[in-house]
Amino acid sequence: MSGPRLDRRTFLALAGTSLAAYGSFGQERDDHRNLARIVREYRPENLESPLGTLEQPITPNPMHFVRSHFATPYVDEKTWRLRIEGAVSRPAEFELASLKRMPVVERPVTLECAGNGRVFLTPTERGLQWEHGAVGTARWAGVPLSALLERCGLKAEAVEVVLEGADVGEVRDPKSPGPIAFARSVPIQKARSDEVILAYAMNGEPLPVAHGFPLRAVVAGWYGMASIKWLKRIVVTEQSFQGFYQTFDYSFWDRTGDLPTLRPITRMQVKAVVTRPVPGQSIAAGSVAEIRGAAWAGENRVAKVEISTDGGKTWDSAELASKPERFLWTHWRYRWQTPTQSGQVKLLARTTDDAGRTQPLERNPDFRSYMIHHAIPVEVMIR
Ligand SMILES: Nc1nc2c(c(=O)[nH]1)N[C@H]1C(S)=C(S)[C@@H](COP(=O)(O)O)O[C@H]1N2
Ligand SMILES: [Mo]
């Protein structure tokens with residue numbers, strides 16, 4: 001069993017009394033780390049959320065990370081149409097206004113870029129050098145993809161649903177067949193579940209341009225690359241899609257069976273990130289310090305978070321802020337009685353989900369430059 005799990009109200013009550021010095025969960029609006037996003041690339045726009053935002057339940061829109069492969073397309077919502085074609089009996093075009101008249105669904109979803117944490121890889125890998133902040137949580141509102149597929153009449157032969165963005169570009173390495181649109185597919189089963197939302201609102205505001213205005217997909221529980229922004233066309237296919245962004249890019253080596261096979265990256269792995277203390281921080285010897293952070297498990301629920309303060313020899317359970325939910329991060333904290341001796345200490349956090357998947361301590365090289373979810377140590381100084 002993991003350590004005590006307290007609901008939020010109990011926690012706040014405790015925090016207000018005997019545990020006051022130990023701090024509380026909740027938003028730290030004045031956290032100096034949260035003033036602005038970090039520019040990883042100016043054009044195309046690639047912005048990282050500061051580490052402190054991982055402590056907040058919802059990432060404010062101006063703080064949510066942005067991952068864009070091509071120049072941002074500015075779409076005129078008056079002329080914009082969403083086209084649905086392929087293996088459907090009634091191909092159709094939808095205006096934004098008609099989508100907004102359909103029953104709205106809203107769901108908080110934690111979105112993580114498959115390249116999040118790349119800067120921590122040794123040897124270094126090419127690509128955007130994200131620290132921990134290519135992850136965020138927003139309340140996405142729109143229509144379920146399943147509702148539109150139903151309207152168009154899915155054919156029995158349908159195997160996958162390809163989502164295509166309005167952004168186009170030419171990739172040099174490996175070379176694309178001229179300019180291509182950013183596109184990705186989801187299997188028909190996932191597309192027909194209620195887990196794929198076509199969102200026109202983010203945290204109660206109209207979808208910001210950088211996040212895919214006027215309409216984007218949010219594929220809950222999958223890495224970010226599946227959640228196509230500036231959605232323009234949906235193609236239902238009778239074969240699995242072999243597009244650039246699920247073969248050349250955003251793929252990994254699968255070794256189940258005896259032939260290593262390149263497969264598209266899909267579901268998020270289990271992962272915990274330490275937000276405090278920060279690397280290099282000085283902490284008083286013989287004191288009580290708080291270790292805290294976030295954890296998520298994609299389509300699964302976080303079952304426990306464990307902390308090691310001796311470099312991975314022994315582990316102790318952290319406390320969870322709230323009952324973990326699917327598709328959503330959870331916050332955790334650990335009360336650490338620091339050593340009485342000064343010196344460097346390596347802190348580790350790892351999480352296990354309700355399917356029994358535990359975060360590894362070593363990097364899996366078959367994941368290439370993606371799905372970076374092994375525990376990243378945080379070294380602090382005890383003084
Ligand atoms: N059309 C389009 N959709 C896209 C991308 C893109 O470049 N173009 N990037 C993808 C990737 S890799 C990620 S991680 C998420 C990031 O979503 P965000 O910018 O809203 O955080 O969008 C995905 N959808
Ligand atoms: Mo991504």
Side-chain angles (χ1 to χ4, degrees), residues 37-41 43-49 53-54 58-75 80 82 109-118 125 127-130 132-140 142 162-171 176 179-186 196-203 205-234 243-246 248-252 264-269 296 298 367-373:
R37 287 176 295 199
I38 304 148
V39 179
R40 292 285 169 225
E41 193 176 19
R43 278 186 189 150
E45 195 176 28
N46 283 292
L47 311 175
E48 174 161 352
S49 298
T53 61
L54 273 69
I58 296 291
T59 317
N61 290 356
M63 285 295 145
H64 195 283
F65 82 95
V66 173
R67 171 68 181 110
S68 296
H69 293 73
F70 305 131
T72 304
Y74 290 84
V75 178
W80 176 89
L82 173 66
V109 173
T110 298
L111 209 63
E112 185 189 17
C113 180
N116 192 28
R118 186 176 289 132
E125 287 276 356
L128 291 161
Q129 297 298 302
W130 303 109
H132 290 303
V135 61
T137 300
R139 285 181 287 108
W140 302 99
V162 180
L163 308 171
E164 185 186 42
D167 50 334
V168 171
E170 212 163 332
V171 187
S176 62
I180 54 169
F182 194 83
R184 257 279 181 160
S185 72
V186 285
V196 183
I197 295 174
L198 305 185
Y200 47 72
M202 179 182 186
N203 293 328
E205 291 167 26
L207 193 59
V209 170
H211 295 290
F213 180 87
L215 192 75
R216 76 167 307 163
V218 176
V219 181
W222 282 29
Y223 281 107
M225 77 278 123
S227 294
I228 299 298
K229 305 192 280 189
W230 312 291
L231 195 60
K232 169 179 110 180
R233 188 164 64 128
I234 292 176
F244 187 93
Y245 291 101
Q246 49 197 54
F248 278 144
D249 210 355
Y250 293 108
S251 58
F252 71 102
I265 288 169
T266 58
R267 302 172 58 208
M268 284 160 69
Q269 303 282 335
W296 54 92
F367 289 171
R368 304 169 73 200
S369 70
Y370 298 112
M371 299 196 280
I372 300 122
H373 77 123

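FYI, side chains are in, hydrogens and waters are out, and symmetry mates aren't considered; it's all heavy atoms of this structure. In listed order, ligands and their atoms are each counted from 1.
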Query raised in the report: Which parts of the protein, at residue level, reach under 4.0 Å of ligand 1 through a heavy atom?
Result: His64, Phe65, Val66, Arg67, Ser68, His69, Leu111, Cys113, Gly165, Asp167, Phe182, His211, Arg216, Gly224, Met225, Ser227, Ile228, Lys229, Trp230, Tyr250

Query raised in the report: Sequence neighbours excluded, which residues qualify as ring-ring contact (aromatic ring centres under 6.0 Å, His included) partners of Phe252?
Result: Phe367

Requested in this report: Report yes if the distance between the aromatic ring centroids of His132 and Phe65 is under 6.0 Å, otherwise no.
Outcome: no

Query raised in the report: Does a donor on one side chain and an acceptor on the other come within less than 3.5 Å for Ser251 and Arg368?
Result: yes

Query - Tyr370 and Asn116 side chains, donor-acceptor separation under 3.5 Å - result: no

Requested in this report: Assign the ring pair Trp140 / His64 to parallel, tilted or perpendicular, where the plane angle (0 to 90°) is split at 30° and 60°.
Outcome: perpendicular

**Report entry** Arg40 bridged to Glu48 by N-O distance under 4.0 Å
**Finding:** yes

